[in-house]
Amino acid sequence: MLKIGNIQFNSRLFIGTGKYSSSEVMEKSLLASGSELVTVALKRVDFKNQDQDDLLAKLNHPHIKLLPNTSGVRNAKEAIFAAQLAREALGTNLIKLEIHPDPKYLMPDPIETLIATEALAKLGFIVLPYIHADPVLCKRLEEAGTAAVMPLGSPIGSNKGLKTIDFLEIIIEQSNVPVIVDAGIGAPSDAAKAMEIGADAVLVNTAIAVSPDPVAMGLAFKLAVESGRMAFEARLAPKHAGAVATSPLTSFLDV
Amino acid sequence: MSSFKDLFNTYCWDEVKESIYSNTEADVLQALQSTKRNIEDFKALISPAAEPFLEEMAQLSQQISQKRFGKTMQLYVPLYLSNECNNICTYCGFSFDNKVRRKTLTDREILQEVETIKKKGYDHILLVTGEANQTVHVDYFKNAMELVRPHFSNVSLEVQPLEQDEYEALLPYGLHAVLVYQETYHREDYKKHHPKGKKSNFDYRLETPDRLGKAGIHKMGLGVLIGLEDWRTDSFFTALHLSYLEKAYWQSKYSISFPRLRPFSGGLEPKVNMNDRELVQLICAYRIFNEEIELSISTRESEIFRNNVLKLGITSMSAGSKTNPGGYAVEPEALKQFEISDERSPEQIAQLIKSQGYEPVWKDWDSSLTIPLDK
């Protein structure tokens with residue numbers, strides 16, 4: 001079972017709540033996906049009137065935990081300030097740390113993210129930072145007290161799949177904290193692939209939300225993630241480029 | 001390069017215009033099929049040669065917009081604080097030489113307006129004024145933002161161009177975005193339309209986005225007033241400005257508006273008319289050229305046009321707007337900057353958006369994302 005901080009998860013599919021055509025569709029899709037952890041952008045939630053907030057109302061299910069994200073901040077200082085307000089308002093230590101000062105491609109800032117992770121971990125947060133697929137940064141974040149790492153598969157919202165796969169494999173190999181592949185997963189096959197190579201979970205938003213049938217797509221991702229995980233645990237059979245030749249290099253030993 | 005002016009001065013209006021109009025079908029196909037598009041592709045997409053490809057452009061624009069922004073539509077509302085103005089602008093109801101009564105809202109009146117607007121559901125507000133530097137200045141804006149901010153998550157300004165340090169001073173008050181339209185990039189025509197007042201200084205206005213970028217603003221809005229000059233050439237310069245700014249100030253977001261000249265009492269007739277097909281072409285061209293740019297459409301446009309264009313690349317809309325100071329509550333019937341065309345209520349517009357399979361978004365920013373002055 002997946003454990004992040006002190007929280008256990010049956011589902012290894014995390015879902016983003018943006019971009020849906022309505023909060024009703026979002027809720028149905030979310031339930032179909034079986035996800036137990038959903039991100040909510042602080043900027044989309046009305047903290048002051050939480051009981052009237054439509055989005056929060058739709059996420060109010062006993063098996064679902066909220067993962068507030070700091071989307072909109074541009075540096076560590078702003079992120080720390082926003083995370084504290086989120087904790088106060090939503091009553092959770094979980095925080096998805098998103099510091100992308102570049103609003104065009106939403107590329108995460110590794111320097112500010114490292115600084116903020118260290119500070120937030122000291123403040124008792126369960127930090128899940130969104131980062132580039134940078135193996136060294138992942139180790140540095142571990143040292144800084146991160147609860148997990150969330151490397152990108154390709155630019156966020158691009159649906160381009162696992163462009164960073166070589167680096168994701170290194171990260172998974174080296175990591176002592178859960179690795180959640182975030183951003184760029186465009187199809188269930190991408191999610192399955194990430195799970196097959198040993199990712200602990202994936203986070204998906206655009207591919208589900210923008211699909212013409214987000215409910216069916218939520219289920220499709222659920223099955224893909226389960227299937228990929230099962231394959232990882234069963235261990236994939238090795239690949240061969242072609243038939244194995246007779247042993248021209250070692251046959252002399254048989255003589 | 002220290003400002004856009006240096007780049008701008010290397011271009012000649014007539015040459016740009018000629019190169020847009022000389023685009024061919026092959027240029028348009030190249031632009032449509034390319035995966036990474038540049039400003040030459042934008043030229044092709046706004047050219048007359050692209051007109052036969054309008055449906056294809058619309059399909060592509062919708063697809064790209066949904067990928068980036070999802071099926072959502074941001075809603076915002078303008079709050080006119082003052083119609084005092086020392087500029088003469090030939091096309092504007094607030095022009096200095098236009099004999100209308102002038103009004104700047106007091107604190108009490110601002111709060112009255114806020115109360116009415118809040119009841120409509122808005123959480124993003126755009127504060128608008130003319131240019132009257134003696135009465136409507138940075139201190140006035142600070143005060144107005146302090147009054148407004150507790151009630152709105154996102155506050156933007158559409159006021160006279162300010163200095164970099166003035167913008168910096170307004171940021172801790174929750175200033176999120178500033179809209180400053182060049183009106184036209186045709187230097188000589190700009191002079192004709194702005195004969196008097198601080199606004200007559202073309203270069204000062206042209207360099208305003210540079211000052212905003214240096215101040216570290218979250219978002220800035222660009223655009224031209226369509227109808228003053230050839231819209232294709234003006235739009236090329238807007239896109240050029242955008243591309244320059246995106247590289248120079250990479251931490252800022254950008255939005256584009258396409259205001260078409262609207263009638264007001266005693267006002268200017270458009271020199272150039274842009275029809276609905278051409279406006280759709282321009283909207284789609286921007287989206288195909290720049291996947292991340294926010295595109296905004298106001299109540300200047302007609303109901304039928306807005307009903308149909310909202311799925312073609314637009315990301316934000318206003319609704320139920322009043323273009324006069326006090327228009328929502330204080331004195332609803334006077335002093336308009338221009339006539340609005342779509343008079344439907346925010347609730348009706350929200351219903352319209354839903355009926356098209358999109359979610360109306362009222363809130364997409366939070367005060368927790370701005371560190372206040374005392375922290």
Side-chain angles (χ1 to χ4, degrees), chain A residues 16-26 40-49 52-55 68 70-75 77-89 100-107 109 155-160 186 205-212 214, chain B residues 35 62-74 118 121 123-124 150-154 176-177 216-220 242-243 245-247 249-255 290-294 311 350 353-372 375:
Chain A
T17 51
K19 299 189 177 185
Y20 283 91
S21 60
S22 72
S23 46
E24 290 77 18
V25 172
M26 186 270 295
V40 275
L42 291 175
K43 57 186 183 170
R44 285 292 299 276
V45 181
D46 189 356
F47 293 127
K48 290 174 213 148
N49 306 292
Q52 288 165 36
D53 189 273
D54 189 40
L55 184 67
T70 59
S71 178
V73 305
R74 300 195 285 191
N75 55 48
K77 196 178 169 201
E78 289 177 358
I80 295 161
F81 181 74
Q84 287 173 297
L85 289 177
R87 173 157 74 178
E88 212 170 290
H100 33 67
D102 149 37
K104 194 172 173 72
Y105 293 106
L106 306 174
M107 288 292 145
D109 183 326
I156 195 164
S158 69
N159 290 337
K160 286 183 177 171
N205 184 8
T206 305
I208 297 177
V210 178
S211 154
Chain B
T35 49
Q62 180 182 71
Q63 194 191 331
I64 297 170
S65 303
Q66 285 189 0
K67 184 168 72 108
R68 171 74 185 197
F69 296 92
K71 294 172 187 171
T72 65
M73 185 65 59
Q74 179 68 47
K118 276 313 281 184
D123 203 32
H124 286 211
H151 307 279
F152 294 91
S153 296
N154 186 295
H176 183 78
I217 193 81
H218 278 279
K219 185 162 88 183
M220 51 185 123
L242 170 67
S243 299
L245 291 165
E246 280 189 329
K247 279 191 195 163
Y249 311 106
W250 60 278
Q251 298 207 9
S252 294
K253 258 189 192 180
Y254 299 88
S255 73
N290 187 315
E291 300 192 0
E292 298 81 21
I293 188 80
E294 294 185 11
K311 290 169 88 166
I353 292 166
K354 283 183 193 165
S355 74
Q356 304 236 11
Y358 280 60
E359 172 160 47
V361 173
W362 301 95
K363 178 179 184 295
D364 193 30
W365 193 249
D366 195 84
S367 53
S368 68
L369 299 168
T370 308
I371 298 176
K375 298 280 174 182

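The chains referred to below are lettered A, B, ... by the order of the sequence lines, with proteins before strands, and numbering in each begins at 1.
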Next on the checklist: Are B:Ser368 and A:Lys43 packed together at the side-chain level, in the sense that at least one heavy-atom pair is separated by less than 4.5 angstrom?
Outcome noted: no
Checklist entry - Got B:Ser153 and B:Trp362 here, is their nearest side-chain heavy-atom distance under 4.5 Å? => result no
Checklist entry - Are B:Asp123 and B:Lys118 close enough, and set up right, to give a side chain to side chain contact (heavy atoms under 4.5 Å, CB included), and what steps lead you there? => result CA-CA 7 Å; B:Asp123 203 32; B:Lys118 276 313 281 184; 3.4 Å; yes
Checklist entry - Non-hydrogen atoms of chain B under 4.5 Å away: do they reach the side chain of A:Pro155, the backbone, both or neither? => result neither
Checklist entry - What part of A:Val45 lies closer than 4.5 angstrom to a heavy atom of chain B: side chain, backbone, both or neither? => result backbone
Chain B contacts, top residue of [options] (heavy-atom pairs, under 4.5 Å):
options	answer
A:Ser21, A:Ser158, A:Ala86, A:Gly18	A:Ser21
A:Asn205, A:Val73, A:Leu42, A:Thr70	A:Leu42
A:Ala209, A:Pro101, A:Ala79	A:Pro101
A:Gly72, A:Ser71, A:Ala89, A:Ala41	A:Gly72

Checklist entry - For B:Phe152, is the NZ or CZ atom of B:Lys363 found under 6.0 angstrom from the centre of its six-membered ring and inside 45 degrees of the ring axis? => result no
Item to check | Stepwise side chain to side chain contact (heavy atoms under 4.5 Å, CB included) check, B:Tyr254 with B:Tyr249 | outcome: CA-CA 10 Å; B:Tyr254 299 88; B:Tyr249 311 106; 3.4 Å; yes
Checklist entry - Ignoring hydrogens and geometry, is there a side-chain-to-backbone donor-acceptor pair from A:Ser23 to A:Leu55 under 3.5 Å? => result no
Next on the checklist: Here's a test for you: under side-chain contact (heavy atoms from CB on, under 4.5 Å), which of B:His176, B:Lys253, B:Gln251 qualifies with B:His218?
Outcome noted: B:His176
Checklist entry - What residue, out of B:Met73, B:Lys219, B:Glu246, has the most heavy-atom pairs lying under 4.5 Å from chain A? => result B:Glu246
Checklist outcome for this item: So, the part of B:Glu292 with a heavy atom under 4.5 Å from chain A: the answer is side chain
Checklist entry - Which bit of B:Asn290 is near chain A, if near means a heavy-atom gap under 4.5 Å: side chain, backbone, both or neither? => result side chain
